[in-house]
2 protein chains.
Amino acid sequence: MAEFTSRQKEIIGKAINIISEKGIQELTMKNIAGRINVTEPAIYRHFDNKMNILLAILEYYKTEIEILRKKSEEEEGCLKKIESYTEGHFKNFKKQPAVASILFAEEIFRSDKVLSKKIWEIIDLNQQYIIKTIEEGIAGKEIRNDIPAEYLSIMIMGSFRLLIRKWRSSGYKYDLAKEGKNLWANLNMVIKK
Amino acid sequence: MAEFTSRQKEIIGKAINIISEKGIQELTMKNIAGRINVTEPAIYRHFDNKMNILLAILEYYKTEIEILRKKSEEEEGCLKKIESYTEGHFKNFKKQPAVASILFAEEIFRSDKVLSKKIWEIIDLNQQYIIKTIEEGIAGKEIRNDIPAEYLSIMIMGSFRLLIRKWRSSGYKYDLAKEGKNLWANLNMVIKK
DNA sequence: GTAAAGTTAGTTATCGTTCACTAACATCAT
DNA sequence: ATGATGTTAGTGAACGATAACTAACTTTAC
């Protein structure tokens, strides 16, 4: 399911770029059309309406993080798993900085119920995976056991989100992967047994 | 400077409520006017244009956090200072949940350069205060010295931001002050010497 | 030659904003 | 004290711009 034609993928990509660069207010059918050098109505040959483009963006992002999760599952040790998972995100963001903006899309898509529900499904999926992995780490005595997994997950996810946010607001100036590595090294010291 | 008439304060309050409940997309002159039962043009008797309303919201929020900072400075010990500072925020949010949404306004106001610059000034102000306080704590051997103050500040701020965001998305269902206390207790264990 | 993908030229709705005007109240010279 | 003058805060109607979207026609690729 959710197979997209190459033109649809192009539209999704350009839409993500617009949101990333200018915010949701600038995501108009006209602006999307402008970026692929066609007229507005041409877009409607590929998507029924604007809502379906937004849904497609979320669908695209969901499959991306599912790939990362599966890859990180192959690592040995839960600290390594989380490291691989976050590193994977950073690498994606470096390739396509715009995708990072979807992480904060709850605010962007808040005006619509269907969209915001879908967003929170994705964010929850993310956190559930982190919590599960931390719990494994606590049981395996890799991670300190005096703090519940839920709170550790908040510290990890919260820190990374803030880092990404600052990176975005800087205009993607510095090296996120490097900064992320530093942050992870410090987080690691804090949470390990 | 930045004195507002009672009618202006009313407009600012309703605007914050709209943003909080429905997002920035629903913040229209019509909706603001509707909430105070006047017509649209009446709003222009109190603000020159919509931008000035948005700026006034940020101005209001900035003075609010400055009050909290001064109050927390009176505490003894840097861990107590940070605790007072964050607790103050939570109490404000409980009284007026809508104000919490301003914390995440970078995404909301991203479409405008003047606004987003002002937002980041406020967020930076926040973080600089936390970093300064942590550095005092490291020097005074209250806080662990193996992790730079900057990273500790990211962990603290990132965690609290994530907690608040979840609280908002839950529809302000649970007790933020209580949850915040729990989170702080765990953060405290992690950062103390 | 036909189906997919594009165009031109519109529609309707809503946005922020301005217009001309008015009712209620305050100020002040006579 | 009172009539003239000015101010404040509101109104309904309309403005130009722009949004999402559509009908009808044309181009293009296989």
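Atom set for the values below is all heavy atoms of this structure, side chains included, hydrogens, waters and symmetry mates excluded.
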Could you tell me whether the phosphate oxygens of [N], OP1 or OP2, come under 4.0 Å of any side-chain nitrogen or oxygen in [X]?
| X | N | answer |
| --- | --- | --- |
| A:Arg7 | C:dG6 | yes |
| A:His46 | C:dA4 | no |
| A:Thr39 | C:dT7 | yes |

[X] [atom1] - [N] [atom2] separation (whole Å):
| X | N | atom1 | atom2 | result |
| --- | --- | --- | --- | --- |
| B:Asn52 | C:dG16 | CG | P | 14 Å |
| B:Phe47 | C:dT18 | CZ | P | 16 Å |
| B:Ile53 | C:dC15 | CD1 | P | 14 Å |
| B:Ile43 | C:dT18 | CD1 | C1' | 15 Å |

Q. Are any of the side-chain nitrogens in B:Lys81 or B:Glu74 under 4.0 Å away from the carboxylate oxygens of its partner?
A.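 Not counted as a salt bridge, because no side-chain N and carboxylate O are separated by less than 4.0 Å.
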**Q.** Note: A:Lys118-A:Glu59 ion pair, threshold 4.0 Å (strictly below)
**A.**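 The answer is yes: the pair qualifies as a salt bridge.
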Q. Do other residues, nucleotides or ligands put more than 12 heavy atoms under 6.0 Å from A:Lys91 NZ?
A.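 No, the 6.0 Å shell around NZ holds no more than 12 heavy atoms from other groups.
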Q: Give the minimum heavy-atom separation between B:Ile143 and B:Cys78, together with the two atoms involved.
A: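 Distance-wise, the nearest heavy atoms are CD1-SG, 3.8 Å.
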Q.
Ring centroids only, cut at 6.0 angstrom: are B:Phe90 and B:Phe160 within range, meaning strictly under it?
A.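 Close enough - the centres of the two rings lie under 6.0 Å apart.
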Q.
Check whether A:Asn52 reaches the backbone of A:Phe47 with its side chain - one donor and one acceptor, N or O, closer than 3.5 Å.
A.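 No; judged by distance alone, with no hydrogens or angles, the pair does not exist.
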Q | Protein-to-nucleotide contact annotation, 5' to 3' order, nucleotides 17-30 of chain D [B base; S sugar-phosphate only; - none; under 4.0 Å, heavy atom] | A | --SBBB-B------
